[in-house]
Structures are given as C-alpha cells and as structure tokens.
Amino acid sequence: MAAEGKVDPMHQFTIQPLFGSDGWNIAGYNVAFTNSSLWMAIAAVLLLVFVAGGAKRQLVPGRWQMAVETFTGFVDGMLAANVGPNGKKYVPYIFSLFMFILFANFLGLLPIGVLGLHPFTFTSHFTATGVLSILSFSIVIIVGFAKHKLHFFSLFVPHGTPALMIPAIFVVELISFLVRPFSLGLRLFVAMMAGHVLLEVLSSFVISSGNANLGLFAIAGLPSFILMIGICALELLVAGIQAYVFALLTCVYLNDAENLH
Amino acid sequence: MPQIAQLAATYSSQIFWLLIFFGFTFFAVGRGMVPKVMDTVAQRDKQIADDLLAAERARKQADEEEDAWRQRENANRAQAQALIAEARSKAAAATEERLAAAQVLIDSKLAEAENRIAEARNSAAAEIEDVAADATRDIVSRVAGLSLDDSAVRSAVKENLVHG
C-alpha cells in the first residue's frame, strides 16, 4: 500500500510465507506455512475450543452447550431432511465442513485491521475451497459406487425418460454431475472474494476522498462509508449463507449417492 | 488477482495445510466431539420422552382410580338409598298395621256401645210396659172396679204401645 493512500483491493488475498518457512517442501512440493495456513489453523483451533466447551454432557445445558447443540442439531436436521435416516453417519463430516467454512468466513471479516493485524479469508482462494469441494465430491462418488455398484449410473437417467432420449439425457446429466465440484468450490470462493473486494474498494474511496479535500469526502467518502456499514452486515449474512449452501449442497449430492433418484 | 498469480507457487502449500487442518477438525471435532454432543442430546430427549410417558401413565392410573372411587361411591349411595326406602316402607307398613288394629278396637268398642244402648233401650221399653200395665190395671180396678188378669192387661198395653 502506497503512502499516499492508494489501496490495492487485491492485496488482501496475497499469500505470504510466515516464520521463514518459504523453503519448506515435501518431495519437491512447497509446503510453506503461509498466512493462509495460519488462519486455517486459527479456524480449526477456535472450532475445537468452541465444540469442546459445549461437550460438557450436562443434562441441563448451559448457554455454551446449548449453542453447540444448536449447531449439531441444525446439521443433523439438514441431513435428516435431505438424505433421510441414512444421513446420520455423515453428521461428523458435514458438521466439520459447515463449521470450518463458517469460522473461516467470519474470521476473515473480523475488524482486527484496526489493531494492525491482517485477517485472511482462506475461503476466498479456490485452492482451498476446491480441496473441500473435491473432498465432498469424492465422498459422493465413493459412497455411490460402493452402495449401488454400476447401478449408480442410473442416476444420470431420470425416471420416465423416453428410450430415444436416454443417450442425450445421459450425457447432459453426466456433465451436470461432473460440473458439481467446480460450481461448489467456485461459488464459495467467488462470494467471499467479491464481498472483500467490494469492502476494500469502498474503503479506498473513503481514504482517497478524505485525503483530497472535505467537499469530496462529503459527497463521495461519507456515502461510501455508510454503504460499507450496510455491506459489512450483508457480508456477515453471506458468510453464514455460503457455509450453509456448501453444506446443504453436499447433503443434496450425498442424497443422490445414498438413495439415487 | 493473487489467487491466480500465485497459483503455481502456493497451490501445494494451500492443499497440504488445508488437508492437515480440515483433517484435524474432522477427526478431533467431527469424529471426536460431535458424537458425544449428539449423544447427550439424544439422552436428554429420551429422558424427556420417558418422563412424559411416566407422567401420562400416572395420569391414566389416577383417572382409573378416580373412576373406581366414583363407581364405589355410586354403589354406596344406591345402597344407602335402598336402605332408606326399605326403612320408609317398613315404617309405613307398621303404621298401617297399628292403624288397622286401632280401627278394629274402635269398631269393637263402637259395636259394644251400640249393643249396650240397644239393651238399655229394650230394658227401658220393658220397664215402661211394666209401669204402663200396672198403671192401666190400677186405673181399671179403680174406675171400673174390675180385677183384670195381669197377662191380658199386659198384652193390651203392648198392643197400644206398639200401635200408638
């Protein structure tokens, strides 16, 4: 960031190796511990602390336990509604997925910039969201073939398809199925990145106009600042919704694998 | 766009650390703690359901007992009513019997009294006859100087007394 107040809205997504770990590698692949890795670690540890605080197993729950039970109940209900009784066994995975993304999204929005720290949203990187979506997609494929063997291919031929249409429909359905991991990962990455860029761009308006003169600040800076407040609230909503959408779509795909159509 | 600009340099690190930390989250939190939390919830739900069932059972039992009590109470009341009715009819019968006995007594007393009255009237009539016969004989002897037979006088008097 230049001294005269120019803000690069993409700078916040830059990955930097920390603690001189630049050279770490395994079999020639770089595994530097970056700021992205650090925030993954923070999300994982905070999630561990959160759930551990709620695992007190009291008959009459306290507030913390109640909060954790609300989340497990939410995930349990989502699986029960989308997959049915067979979905119970996926609760640990969907819960981890949902909460990990939720914590990552919220941590990335923390206003700790005022303390000179730099929050990093690793869910705004498709290298991270892609791993999660491929993980979900792999589970769907493995469960589907393990449970239904080659009959799993009937997923691509909906009930009541005329015989003549089967080849065409099969190809269309296969493509839509194979696109799923990309749409799943890209959706989260795009939503998180767009919000952060928007906030950064608006903040650059506030800073530039404030540095220029009072009149410009009044007509451009102040409205931008007010807009930012609204968009911050919207971003909090998006952070929750995107985590929910990711978990929900994984449930829907798991339903295909568990129950076919 | 750093996501693409840094792709070649950072993808392996991103994938590696994400798998590490998501794996940690999955095994420590998802597999380790979530089942316990869910188990606690299930236990609580089960306890609540059991308590509700017990309460329902107790309520049913109370209803049954109340029902039995009501039946017993009704039977007792009917029994008491029967006792009262019996006593009342017995008392009525006794009263009637005593009344009948008193009536009989009164009737007999009445008949006795009537007999006595008739007797007294008869004896009075006889005395009048005697007195009349004596008077007739005296009158006849004094007026006509006749000494009449007693029975003839008596029959004549009787005839006159009867026919006026």
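So you know, we letter chains A, B, ... as the sequences are listed, proteins then strands, and number each from 1.
Contacts between A:M193 and chain B at a heavy-atom distance below 4.5 Å involve the side chain alone, from C-beta outward. With a threshold of 4.5 angstrom between heavy atoms, A:K89 does not approach chain B through any atom at all. With a threshold of 4.5 angstrom between heavy atoms, B:F24 approaches chain A through side-chain atoms but not through N, CA, C or O. Heavy-atom distances place the side chain of A:F95, and not its backbone, under 4.5 Å from chain B. Using a 4.5 Å cut-off between heavy atoms, A:F33 contacts chain B through both its backbone and its side chain. With a threshold of 4.5 angstrom between heavy atoms, A:A52 approaches chain B through its backbone and through its side chain. For A:I94, no part sits under 4.5 Å from any heavy atom of chain B, backbone or side chain.
Checked against a 6.0 Å centroid threshold, the rings of A:Y244 and A:F74 count as neighbours. Checked against the 6.0 Å centroid threshold, A:F100 and B:F21 do not count as a close aromatic pair.
Put simply, of A:S124, A:A44, A:S36, A:S96, the one with the most heavy-atom pairs under 4.5 Å next to chain B is A:S96. Counting heavy-atom pairs closer than 4.5 Å to chain B, the top residue among A:V68, A:T72, A:V45 is A:T72. Across A:F189, A:F50, A:F122, the residue that shares the most heavy-atom pairs under 4.5 angstrom with chain B is A:F189. Among B:F16, B:F27, B:F26, the residue making the largest number of heavy-atom pairs under 4.5 Å with chain A is B:F26.
Within a 6.0 Å sphere centred on CD of B:E56, other residues, nucleotides and ligands contribute more than 12 heavy atoms.
Using a 4.0 Å cut-off between a side-chain N of Lys or Arg and a carboxylate O of Asp or Glu, B:K60 and B:D63 do not qualify as a salt bridge. B:R59 has no carboxylate O lying under 4.0 Å from a charged side-chain N of B:E66, or vice versa, which leaves the two without a salt bridge. Using a 4.0 Å cut-off between charged side-chain N and carboxylate O, B:R142 and B:D138 make no salt bridge.
Put simply, the side chain of A:N35 gets close to the backbone of A:T14: a donor and an acceptor are under 3.5 Å apart.
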Could you walk me through whether A:F120 and A:H196 pass the ring-ring contact (aromatic ring centres under 6.0 Å, His included) check?
CA-CA 10 Å; A:F120 184 90; A:H196 283 78; 9.3 Å; no
